[in-house]
Amino acid sequence: MQLPADSHVHSEWSWDTGGPLSHASGRMQQTCARAQAQAIGLPALVFTEHLDFDARWRTTAADLMPHQHHLLSTDGYVRAPILDVDGYLDSIERCRHRFPELRILTGVEFGQPHLHEAQASHLLDLGVIDRVLGSLHTLEVGDDRSEPNTLFRTWSADEVMWAYLDEIPRMVADSRTFEVFTHIDYAVRAWPIESAGPFDPRRFEEGFRNAMRAIADSDRILEMNTRRLLPWIPQWWSEEGGKAVTFGSDAHVPEALAANFPEATAMLAHYGFRPGQRPEEYWTR
C-alpha cells in the first residue's frame, strides 16, 4: 500500500525549529530529499508551519529547548516570531521546482485558533492554504496562558488533563478556520509519570470522547499523530462518529518524517478507515 501524505511537517519556517536564519536553514529542502529516499518513498507531504499569536504565553527556560531560550523575555513570556509567509511560500515554490515528483502542499499549524482568528486574517488568507491544522497548545491561567508541561509543575496532573480536554469543544465551537484537529494527546506528552504514575486514558475517557464528539459533529478531521501509536484514539474516534483522519508525524527534523507510518496505516485500516484516491486525501470510513 502506498503511504499517505505526511500532513504535519515543520521546516526552518516554524519558529520552534530556530527559524530560517538558524542552524535549521535548508531543512525544508532536506526534508523533501528524505521524502524521496528509497527507504521512505513518501509521495506527498504538507509543510504545516507554526502560526502563533499568543502574547501571554508564560513559561520557564526549563520548558523550552536551548535554541528557544532567546525568545523568553525577562518577565517570563515567550515572544515567538510570526510566520514569514512570503519567505515560506517562496521556499515551497523552490522545493516544488527541485522535487517535481513529490507532491508538496502548503499548510499552517494554527495555535489556539479560537482566540486569534482576527490576527490570522490580517496576516494571510487561510482560504488559499492547502491544509489548516488547529492545535491547542496552551491553557488559560488567569490573564496568562501556559503549556501543559509548565502546568504539570503547579497543578495536579488530573487538573491539567481535564482543563485541556474541556477546552477542545470550546475551540471547536469558536473557530471555523481550521479543518483538522491535531495531536489530541498533546497534554499526554508531558504527563508526569514520576509523580502521577503511568498515564491511563480510561480515567479520562469521558473527556476524550466528548472532545472527539465535538470535533466529529463539526465535520472536522482528526489527525492520527504518529509520534506515538495509541490505538484507543482511532477506536474512540470511530465510535464517536469520526468519519475521516489524516496522518501526521509532527516532524521538526527530516529524520522524523513519516515516523511509524506503516504501523499507523495498518492500525487505522483495522478500525475501518480507507485511503482516498490520492495520497494527500483524507482516509475515510
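Along the sequence shown, residues are numbered consecutively beginning with 1.
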Handout entry: Pairwise side-chain contact, Phe208 with Val188, heavy-atom cut-off 4.5 Å (strictly under)
Key = yes
Practice task
Give a yes or no on whether the ring-centroid distance for His50 and His252 is below 6.0 angstrom.
Solution key: yes
Fill in the blank from the handout: Interatomic distance, CD1@Ile184 vs CG@Leu165, rounded to 0.5 Å, equals 7.0 Å
Completion exercise
dist Arg79:CZ -> Leu71:CG (nearest 0.5 Å) comes out at 10.5 Å
Exercise for the section: Give a yes-or-no answer on whether the side chains of Thr150 and Thr59 include a donor-acceptor pair shorter than 3.5 Å. Expected result: yes
Problem - Test log, rule side chain to side chain donor-acceptor pair (under 3.5 Å), inputs His116 and Asp54 - result: CA-CA 8 Å; His116 304 293; Asp54 263 341; 2.9 Å; yes
Practice task
Would you mind reporting whether Leu268 and Phe247 have side-chain heavy atoms less than 4.5 Å apart?
Solution key: yes
Exercise for the section: Could you walk me through whether Trp283 and Phe273 pass ring-ring contact (aromatic ring centres under 6.0 Å, His included), step by step? Expected result: CA-CA 6 Å; Trp283 278 39; Phe273 292 89; 8.2 Å; no
Handout entry: Close aromatic pair by centroid cut-off 6.0 Å: Phe204 and Phe199
Key = yes
Exercise for the section: May I ask you to decide whether Asp75 forms a salt bridge with Arg58, counting only side-chain N to carboxylate O separations under 4.0 Å? Expected result: no
Practice task
Look up atom OH in Tyr88 and atom OG in Ser11, then write down how far apart they are to the nearest 0.5 Å.
Solution key: 7.5 Å
Exercise for the section: Salt-bridge test for Glu281 and Arg278: reply yes if a basic N is under 4.0 Å from a carboxylate O, no otherwise. Expected result: yes
Practice task
Starting at CD of Gln112, measure out to CZ of Phe178 and round the result to the nearest 0.5 Å.
Solution key: 11.0 Å
Handout entry: Check: Trp237 side chain, Ala244 main-chain N or O, donor-acceptor pair, under 3.5 Å
Key = yes
Practice task
State, yes or no, whether a side-chain contact exists between Trp236 and Pro201 at a heavy-atom distance under 4.5 Å.
Solution key: yes
Exercise for the section: State, yes or no, whether a side-chain contact exists between Phe47 and Thr106 at a heavy-atom distance under 4.5 Å. Expected result: no
Exercise for the section: Before accepting this row, confirm whether a basic side-chain N of the pair Glu167/Arg145 lies closer than 4.0 Å to the acidic partner's carboxylate O. Expected result: yes
Practice task
Taking all non-hydrogen atoms of both residues into account, name the closest pair between Ala211 and Pro169 and its distance.
Solution key: CA-CG, 4.3 Å
Problem - Transitive ILVMFWY side-chain link Tyr186 to Leu115, under 4.5 Å - result: no
Exercise for the section: Using the rule that two of Ile, Leu, Val, Met, Phe, Trp, Tyr join whenever any of their side-chain heavy atoms come within less than 4.5 Å, decide whether Met224 and Val46 are in one cluster. Expected result: no
Handout entry: Distance-only polar pair, side chains of His122 and Gln119, donor-acceptor under 3.5 Å
Key = no
Exercise for the section: Using distance alone, with no hydrogens and no angle criterion, decide if Ser25 and Glu12 have a side-chain donor and acceptor under 3.5 Å apart. Expected result: no
Practice task
Measure from the side-chain N and O atoms of Ser7 to the backbone N and O of Gly248, and report whether any donor-acceptor pair falls under 3.5 Å.
Solution key: no
Handout entry: Short N-O contact, Asp63 and Arg153, less than 4.0 angstrom
Key = yes
Practice task
Decide yes or no for Leu105 and Leu45: does some side-chain heavy atom of the first lie under 4.5 Å from some side-chain heavy atom of the second?
Solution key: no
Practice task
Flag yes if Val253 and Leu21 sit in one hydrophobic cluster, no otherwise; membership is Ile, Leu, Val, Met, Phe, Trp, Tyr, and two members link when side-chain heavy atoms are under 4.5 Å apart.
Solution key: no
Practice task
Looking only at non-hydrogen atoms, find the nearest pair between Ala196 and Ala157 and report the distance.
Solution key: CB-CB, 3.9 Å
Completion exercise
Heavy-atom closest pair (Ser135 atom, Thr182 atom, distance to 0.1 Å) is OG-CG2, 2.5 Å
Practice task
Answer yes or no: is there a donor N or O on one side and an acceptor on the other, between the side chain of Ser91 and the main chain of Gly87, under 3.5 Å?
Solution key: no
Problem - Pair Asp16-Gln68, side-chain donor/acceptor within less than 3.5 Å - result: no
Problem - Whether over 12 other heavy atoms sit under 6.0 Å from His69 NE2 - result: yes
Problem - Phe261 side chain reached by Pro4 side chain, heavy atoms, under 4.5 Å - result: yes
Handout entry: Rounded distance [0.5 Å steps], CG in Asp90 versus CH2 in Trp13
Key = 7.5 Å
Handout entry: Modelled atom types, side-chain donor and acceptor of Glu117 and Ser175, under 3.5 Å
Key = yes
Handout entry: Side chain to side chain, Asp52 and Ile82, heavy atoms closer than 4.5 Å
Key = no
Problem - Pair Tyr282, Glu179: side-chain N/O donor-acceptor within cut-off below 3.5 Å - result: yes
Practice task
Would you indicate whether the side-chain heavy atoms of Met171 and Ile168 approach each other to under 4.5 Å?
Solution key: no
Practice task
Please determine if Glu280 and Arg131 form a salt bridge, counting it only when a charged side-chain N lies under 4.0 Å from a carboxylate O.
Solution key: no
Problem - Connected via hydrophobic side-chain network under 4.5 Å: Ile104 and Val180 - result: no
Fill in the blank from the handout: Here the pair of heavy atoms bringing Ser249 nearest to Asp6 is OG-OD2, 2.6 Å
Exercise for the section: Would you name the heavy atoms of Thr31 and Pro254 that are closest together and state the gap between them? Expected result: OG1-CG, 3.6 Å
Problem - Pair Glu255 + Arg34, salt bridge at N-O below 4.0 Å - result: no
Handout entry: Asp144 and Trp57 side chains, donor-acceptor separation under 3.5 Å
Key = no
Problem - Approximate separation, where rounding is to 0.5 Å, of Asn149 CG and Leu64 CG - result: 8.0 Å
Practice task
Report whether Val132 and Ile215 are members of the same hydrophobic cluster (ILVMFWY, side-chain heavy atoms less than 4.5 Å apart, transitive linking).
Solution key: yes
Practice task
State whether Asp185 and Arg228 are salt-bridged, where the test is any N-O pair (Lys NZ or Arg NE/NH1/NH2 against Asp/Glu carboxylate O) under 4.0 Å.
Solution key: yes
Completion exercise
Between Trp162 and Arg203, the two heavy atoms sitting closest are CZ2-O, 3.6 Å
Exercise for the section: Taking the six-membered ring for Trp and the full ring for Phe, Tyr or His, determine whether the centres of His183 and His137 are under 6.0 Å apart. Expected result: yes
Problem - Ring-face cation contact, Phe181 with Arg220, 6.0 Å cut, 45° max - result: no
Handout entry: Expected output: side-chain Tyr164 to main-chain Leu136 donor-acceptor under 3.5 Å
Key = yes
Practice task
Indicate whether the side chain of Arg285 and that of Tyr271 have a donor and an acceptor atom separated by less than 3.5 Å.
Solution key: no
Problem - Arg202 with Glu205: basic N within carboxylate O range, under 4.0 Å - result: no
Problem - Distance-only polar pair, side chains of His8 and His10, donor-acceptor under 3.5 Å - result: yes
Practice task
Return yes if a side-chain donor-acceptor contact under 3.5 Å exists between Ser14 and Glu49, otherwise no.
Solution key: yes
Handout entry: Electrostatic pair Arg170:Asp166 at N-O distance under 4.0 angstrom
Key = no
